[in-house]
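Notes for the one structure printed next.
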Amino acid sequence: MAWKIFMGVLLTLVIVLGIGLPMSPHPQTWYELPVIPGLEEKARIIFFHVPTAWLSTLAFLTSMAYAIQYLRKRDPLDDIKSSAAAGLGFVFCVLATLTGAVWAKFNWGSYWNWDPRETSIFVLLLIYGAYFSLRSAVEQEEKRAALSSVYSIIAAVTAPFFIFIMPRIMTGLHPGAKGDPNGAGPVVEFKMAPPMRVIFFASLIGFTLLFIWMFRLRVRTAQLEQAHHAKG
Amino acid sequence: MPGDSTRMSSYARSVMSVFLKDWRSELRTRYAMNALLMFVVTTIAIVLFSLGSEGAPSDALSGMLWTVIFFSAMSGLSRTFVMEEERGTTFTLQLLAPPSAVFFGKLLFNLVLVLGLNAVTILLYLALITGFVIQTLSIFLVAVLLGSLGFAAAATVIAAIIARANTRGTLYPVLSFPVLLPLLLTVINATRLASEGAYFQEAYGEFQILISYIVVVVVVSSMLFEYIWKD
């Protein structure tokens with residue numbers, strides 16, 4: 001219970017401070033965010049867009065972990081967890097795509113540029129779509145669980161080519177891409193001002209807790225639904 | 001050890017016999033070959049119609065070549081597994097051969113099909129589409145060979161899933177596309193480099209991605225195949 005209240009307070013603070021803190025070219029006090037040339041007020045997207053993209057990846061990995069667990073133990077609960085994580089991942093994937101696209105229109109001039117990272121989120125959307133089409137195509141529960149687990153693992157081993165490799169070795173618009181003056185590479189060097197950094201990591205933690213909460217709710221609902229079906 | 005070598009050779013023999021079984025039954029009906037060939041001809045005709053007498057930039061043509069290959073392959077490669085389900089021979093095969101031997105036998109069969117398909121498609125494409133010229137043959141050949149191997153590996157394991165899901169053809173491209181996309185984008189890039197006359201060294205990055213893709217997909221698929229194959 002306590003952690004849910006903590007999460008609520010954390011996310012409220014992130015939203016209020018992330019949108020409300022003033023920006024100035026030469027920050028004097030702790031609560032002033034620096035102005036980044038070329039981004040200005042638009043820099044605030046990092047508090048909301050990056051956590052959603054992070055969650056869509058985290059959910060994807062969670063789904064894969066439970067898929068492996070299912071294949072090892074054949075416990076139906078693991079399949080429920082795997083598909084619950086995938087469902088949430090899909091929601092956050094759509095959110096990351098939409099927030100990114102709207103932002104790109106204002107900062108890069110068009111909604112979609114096929115920047116490597118845009119390609120990778122598009123592929124993630126496709127994978128989620130394919131995963132759910134496969135699930136809806138198989139009626140028998142055990143077969144559905146086994147096949148979708150296998151697919152989720154295969155998709156998860158090929159997706160890193162997009163999520164981690166291509167955005168860094170190809171030129172693109174996102175930070176960390178090849179040709180980025182701040183350094184390209186697997187680890188993007190953090191050049192965030194301290195107050196921004198605090199809000200950013202608070203947001204990451206808050207969103208992750210939100211994910212855990214939603215995940216547990218979904219698993220419980222799915223379990224209840226199944227028990228209801230079993231009763232007839 | 002002598003014991004190991006006999007076990008190894010009996011394993012290799014069952015891989016080969018799965019391959020030969022599929023090969024013979026394919027020669028009898030020529031279902032997959034005909035489907036692939038007709039699909040290639042049809043899609044290249046559509047490309048020709050839409051291009052008309054106008055040319056297209058080399059990167060668009062490289063992309064279109066692999067679009068033709070992707071959709072043609074999707075029309076025929078699921079055949080190996082769907083056939084077993086349709087004839088009801090899955091169970092017999094489960095009894096007679098270890099799962100990974102079945103996987104590698106089918107992979108070999110699909111690899112032969114993909115190589116044949118790619119050879120025909122590329123020859124037709126080069127002959128019919130005048131704007132498409134390969135300047136660095138070495139890049140192109142390596143890219144096509146590695147691309148075919150990766151393509152066959154991913155297509156085989158997805159075909160196994162499809163056959164078990166009783167959905168036959170409709171879901172096949174849907175499930176394959178996201179898995180094959182890293183491969184397709186890399187191969188398209190290498191083809192573009194080859195048609196622009198880049199030096200062989202310039203394509204090293206592409207080759208590295210292709211090789212790591214092949215290793216990852218073959219290893220993971222052969223490990224997971226057992227779970228698809230056995231109920």
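Chain letters run A, B, ... following the sequence lines, proteins first, then strands; residues in each count from 1. Worth knowing before you read on, the calculation uses all heavy atoms, side chains too, and leaves out hydrogens, waters and symmetry mates. Please read all numbers here as calculations on a predicted model, not as lab measurements.
- Of all the heavy atoms in I161(B) and V150(A), the pair that sits closest is CD1-CG1, 4.0 Å.
- Using a 4.5 Å cut-off between heavy atoms, S148(A) does not touch chain B at all.
- Residue-environment remark: CD (E202(B)) exceeds the threshold of 12 foreign heavy atoms within 6.0 Å.
- Within the 4.5 angstrom heavy-atom criterion, only side-chain atoms of R74(A), from C-beta onward, approach chain B.
- Chain B forms the most heavy-atom pairs under 4.5 Å with one residue out of A155(A), G129(A), S133(A), and that residue is S133(A).
- L224(B) is listed as a side-chain neighbour of L71(A), based on a closest heavy-atom distance under 4.5 Å.
- Heavy atoms closer than 4.5 Å to chain A are found in the side chain of V220(B), but not in its backbone.
- Heavy-atom neighbours of W54(A) CH2 from other residues, nucleotides or ligands within 6.0 Å: at or below the threshold of 12.
- Rounding to the nearest 0.5 angstrom, the gap separating the CE atom in M223(B) from the CD1 atom in I154(A) is 11.0 Å.
- Remark: Q201(B) CD is packed, more than 12 non-hydrogen atoms of other residues, nucleotides or ligands lying under 6.0 Å away.
- Summarising the local packing, CZ of F200(B) is surrounded by more than 12 heavy atoms from other residues, nucleotides or ligands at distances under 6.0 Å.
- Looking at every heavy atom in both residues, P178(B) comes nearest to I127(A) through CB-CG1, 3.3 Å.
- For V217(B), the part sitting under 4.5 Å from any heavy atom of chain A is the side chain, from C-beta outward, and nothing else.
- Most heavy-atom pairs under 4.5 Å with chain B: of the set Y131(A), F122(A), Y151(A), this distinction falls to Y151(A).
- Within 6.0 Å of OH on Y204(B) lie more than 12 heavy atoms contributed by other residues, nucleotides or ligands.
- Around CD of E142(A), the count of heavy atoms belonging to other residues, nucleotides or ligands within 6.0 Å does not exceed 12.
- Using modelled atom types, no side-chain atom of Y227(B) and backbone atom of A146(A) make a donor-acceptor pair closer than 3.5 Å.
- The shortest distance between side-chain heavy atoms of T158(A) and L181(B) does not fall below 4.5 Å.
- Judged by distance alone, with hydrogens and angles left aside, the side-chain atoms of K143(A) form no donor-acceptor pair with the main-chain N or O of A165(B) at under 3.5 Å.
- Contacts of I158(B) with chain A are made by side-chain atoms alone, with heavy-atom separations under 4.5 Å and no backbone atom involved.
- Closest approach of A137(A) and L171(B) over heavy atoms only: CB-CD1, 3.6 Å.
- Heavy atoms closer than 4.5 Å to chain A are found nowhere in F225(B), neither backbone nor side chain.
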